[in-house]
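See structure below.
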Amino acid sequence: MAFWLAKTEPDECSIDDFARAPQTPVRWDGVRNFQARNYLGQMGVGDLVFIYHSSCREIGIAGIARVSTAAYPDPSQFDPDSPYHDGRSTPDNPRWLAVDMVHHQRFERVLSLTRIKSLPGLEGLPLIQRGSRLSVMPVTAEHWEILLQATGA
DNA sequence: GCCAACGTTGGC
DNA sequence: GCCAACGTTGGC
């Protein structure tokens, strides 16, 4: 089992959307960055994913989701009405991937980015690397443990 | 293959 | 709302 972190704007999709319907898979789609897409492709069923809220009032890790369906072609790339439509994609040659995730855990309080930056031992985590905009990233078991400890959960 | 222009991300 | 940093595009 592997660990990941995925960013989302909570206006679009938040940990509350997972927690509200814990059994219902949420499709993680709309990723349009090649490196992030490649990481989506590496996700396996059962992997755990920190859900990170960005561009909002409480920036930070809000909880954990679990991968319920491994990567498949992101349907939104074929939908002309979707903001994520990509005319260069064909069913035979999809450019973008999605996975499904279900709720795993909602933290009582968000583990803030400020706090994350203050934690020792997170060197190499793309989230805190200067200028990194990677929206899906792997998290080592060591980093996962440090972050989980810091939530107090 | 270079690189300027552009659009996007995302913290502040 | 600002703007630095970044990834992608497309002309050459």
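Just so you know, these numbers use all the heavy atoms, side chains as well, and skip hydrogens, waters and symmetry mates. Letters go in sequence order (proteins before strands), and every chain restarts at 1.
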- Message: Taking the six-membered ring for Trp, are Tyr72(A) and Trp96(A) closer than 6.0 Å centroid to centroid?
- Response: no

- Query: Looking only at side-chain N and O atoms, does Tyr52(A) come under 4.0 Å of OP1 or OP2 in dT9(B)?
  - Reply: no

- Can you find a side chain N or O atom of Lys7(A) that sits less than 4.0 Å from OP1 or OP2 on dG10(B)? yes

- Side chain of Arg88(A) only, please: which of dT9(C), dG11(B), dG7(C) is the nearest? dT9(C)

- With sequence neighbours excluded, residues passing ring pair (Phe, Tyr, Trp, His ring centres under 6.0 Å) with Trp28(A): none

- Message: Rounding to an integer number of Å, can you tell me how far Met137(A) CE sits from dG7(C) P?
- Response: 12 Å

- Ser135(A) side chain, from C-beta outward: closest of dT9(C), dG10(B), dC12(B): dG10(B)

- Can you check whether Glu123(A)'s main-chain N or O pairs, donor with acceptor, with His143(A)'s side chain at less than 3.5 Å? yes

- Please determine, by modelled atom types, if Asp92(A) and Thr90(A) share a side-chain donor-acceptor pair under 3.5 angstrom. no

- Message: Less than 4.0 angstrom between a side-chain N/O of Arg133(A) and OP1 or OP2 of dG7(B), yes or no?
- Response: no

- For Leu134(A) and dG11(B), give me the distance from atom CG to atom C1', rounded to whole Å. 16 Å

- Within this structure, what is the CZ-to-C1' distance between Phe34(A) and dT9(C), rounded to whole angstrom? 11 Å

- Query: How many Å lie between CG on Asn33(A) and P on dG7(C), as a whole number?
  - Reply: 8 Å

- Touch check for Arg57(A), heavy atoms < 4.0 angstrom, all strands: base, sugar-phosphate only, or nothing? nothing

- Item | Interatomic distance, Ile116(A) CD1 vs dG10(B) C1' [rounded to whole Å] | 14 Å

- Can you tell which of dG7(C), dG11(B), dT9(C) lies closest to the side chain of Ser55(A)? dG11(B)

- Message: Looking at the base of dT8(B), is there any donor atom on it, or on the side chain of Arg32(A), that sits under 3.5 Å from an acceptor on the other one?
- Response: no

- Task: Please state how far atom CD1 in Ile59(A) lies from atom C1' in dC12(B), giving the value in whole angstrom units.
- Result: 8 Å

- With heavy atoms under 4.0 Å as the rule, sort Arg130(A) into base, sugar-phosphate or nothing. sugar-phosphate

- Message: Apply side chain to side chain donor-acceptor pair (under 3.5 Å) to residues Ser54(A) and Arg133(A) and explain how you reach the verdict.
- Response: CA-CA 11 Å; Ser54(A) 69; Arg133(A) 303 181 315 180; over 6 Å; no

- Message: Without decimals, in angstroms, what is the distance between Gln129(A) CD and dG10(B) C1'?
- Response: 16 Å

- Tyr39(A) OH to dG7(C) P, in whole Å, measures 12 Å

